[in-house]
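See below for the structure under consideration.
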Amino acid sequence: MNIDKFEMDTAPFEKTLTLRLPSAAMTDEEAAKALSEWNSPLIYAESDKHHFYYDITGRVSLRSQLHKEMTMRDTIALFAAVADALLYGVEKNIDPRYILLDSDLVYVSEETGSLRFICVPAVNSGLSAKPLRSYIRELIVNMQYDDSENLEYIGKIINYINRNKKLNPGDFIDFLDSLEQEEKVAPAMKKSVEASPVIPSPAIPEPEPSPVQTPSPEPEVQPDMIPLESLSEEKESPLNISFETPDEKPKKDEFEIPEIRLDDISQEKAPEPAAPASFPYMIRKKNGEKVVINKDEFKIGKIPGMADYLLTDNPAVSRMHAIIHKIDGAYYICDNYSTNSTFLNGEQLEAGKNYILLNGVRINFANDEFTYYAD
């Protein structure tokens, strides 16, 4: 195990891991410099010619937490954090072999629950790196799950990693996002079906009997039946289960657009359009960008197609970092369990809780500052 290569130093107010480098090791200076950013998910503190020092104060190993029951949300967040760390390394040109995917060397903050990963930016360090696919499999086997939930999602994750021999971190994050959205939609659809009223069929009045008449003799007629030869010979195909909805294109003649002639159009003057509503907005300190909050649920993050405002140029921002809600005419902000938190005027927000937004307040999504204005 890689943990055997490290020495633990515990002082009254700090905890440090020390790695002694073999004589053949050479430090990758460019990678080491990239690790110095404060918002990096990779732990790296200081080094000298023969040692790397890692500050893990206030953190415990992930392995010590694996006995706890994990909900689906916890599980997906853990797997996404692992993939995010590797993705961050790719963005910073850090060799993925420097990042140690070992539950003894992945650390959890006792205060926020965020994950940090040991990175050894050195060639010939004597340490072995585990591929993402192997590490996710290891986690699945060693984790404890909340058995009150439907664990079908674990099977879907296993099938996904089995199909992808070289698991790409970005693609894996996209898959986890789609899986989480799929699980959110399913209960809502079930609730909608259960709540739908059952409308009874209208009663059909029985016809009044007609006067009795003596019929003329006719050949005997058999009761109405469908001849067997008129039935389709096509057999029903076996059930085909798919997690993706096929794109069905309507037939052209079903939605034929009638021809419109100019003389058919009414000459009456069209009504004047209503004046656009006034929306609140944010100004980004970094570049002065104006962000108009034009939805009752406005999402901030870095998932294209899901977030209403993208912050893809800041790795400290989470995939779905925060949500601004309009409730009874007022606007509130909610941190969406982000890795690096959301702040109002410097105060850290409790995740999952709504906080009212007042004109002129400062909002920080991790280290990215905005000022909120309400017209």
Side-chain angles (χ1 to χ4, degrees), residues 1-29 31-70 74-75 77-79 81-82 84-86 88-89 92 94-130 134-136 138-139 141-144 315-316 337-341 348 350-351 366-367:
M1 293 172 59
N2 285 325
I3 188 66
D4 298 334
K5 306 281 186 179
F6 292 81
E7 296 178 4
M8 177 80 74
D9 299 322
T10 303
F13 301 105
E14 62 182 29
K15 190 164 57 172
T16 306
L17 277 182
T18 302
L19 172 66
R20 183 178 180 86
L21 295 172
S23 57
M26 293 184 294
T27 301
D28 184 332
E29 298 295 345
K33 184 178 179 181
L35 295 179
S36 62
E37 297 182 7
W38 73 271
N39 57 0
S40 169
L42 311 177
I43 303 176
Y44 176 75
E46 299 176 353
S47 66
D48 58 31
K49 188 174 181 180
H50 302 292
H51 300 84
F52 283 135
Y53 305 97
Y54 301 87
D55 182 7
I56 55 171
T57 305
R59 297 184 178 275
V60 294
S61 72
L62 176 59
R63 190 175 300 281
S64 69
Q65 306 296 302
L66 293 180
H67 67 281
K68 298 179 179 179
E69 285 192 350
M70 303 279 282
D74 296 333
T75 303
L78 171 59
F79 293 170
V82 175
D84 263 333
L86 293 177
Y88 175 86
K92 299 297 181 180
I94 297 173
D95 193 319
R97 291 175 296 180
Y98 296 161
I99 302 171
L100 304 183
L101 298 184
D102 186 320
S103 294
D104 291 307
L105 294 169
V106 175
Y107 286 89
V108 184
S109 169
E110 295 177 293
E111 182 179 351
T112 66
S114 62
L115 265 64
R116 291 293 182 270
F117 299 78
I118 294 291
C119 180
V120 182
V123 181
N124 299 326
S125 65
L127 300 174
S128 58
K130 193 173 298 181
S134 299
Y135 186 53
I136 295 298
E138 178 185 304
L139 287 175
V141 171
N142 290 292
M143 287 165 52
Q144 302 295 320
Y337 299 88
S338 62
T339 301
N340 293 308
S341 301
Q348 183 177 345
E350 181 181 342
N367 61 340

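A quick note: this is a predicted structure, and the numbers were derived from the prediction, not measured. Heavy atoms only: backbone and side chains are in, while hydrogens, waters and symmetry mates are out. Residue indices begin at 1 and follow the sequence shown.
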With a 4.5 Å limit on heavy-atom distance, are the side chains of [X] and [Y] in contact?
X: M143; Y: L78; value: yes
X: L101; Y: L86; value: yes
X: L100; Y: F6; value: yes
X: V60; Y: Y107; value: no
X: I118; Y: L17; value: yes
X: L127; Y: K5; value: yes
X: I56; Y: M8; value: yes

Checking the side chain of [X] only, and the main-chain atoms of [Y] only, is there a donor and an acceptor separated by less than 3.5 Å?
X: Y54; Y: L19; answer: no
X: T112; Y: S109; answer: no
X: T27; Y: E29; answer: no
X: K15; Y: R59; answer: yes
X: N340; Y: A316; answer: yes
X: S341; Y: Q348; answer: no

Calculate, to the nearest 0.5 Å, the distance between atoms CE and CG belonging to M70 and L139 respectively. 8.5 Å

From L62 atom CG to R116 atom CZ, the distance as rounded to the nearest 0.5 Å: 13.5 Å

Walk me through it: do D28 and D95 pass the test side-chain contact (heavy atoms from CB on, under 4.5 Å)? CA-CA 10 Å; D28 184 332; D95 193 319; 5.7 Å; no

In plain terms, say whether E7 and R20 are close enough for a salt bridge, that is, a side-chain N and a carboxylate O under 4.0 Å apart. no

Can Y135 and S103 be counted as having a side-chain donor-acceptor contact under 3.5 angstrom? yes

Passes side-chain contact (heavy atoms from CB on, under 4.5 Å), L115 versus V106? Steps please. CA-CA 7 Å; L115 265 64; V106 175; 3.9 Å; yes

Please say whether more than 12 non-hydrogen atoms of neighbouring residues, nucleotides or ligands are located less than 6.0 Å from CD in E14. no

Between D55 and I43, is a side-chain contact (heavy atoms from CB on, under 4.5 Å) present by the stated rule, with each step listed? CA-CA 7 Å; D55 182 7; I43 303 176; 5.6 Å; no

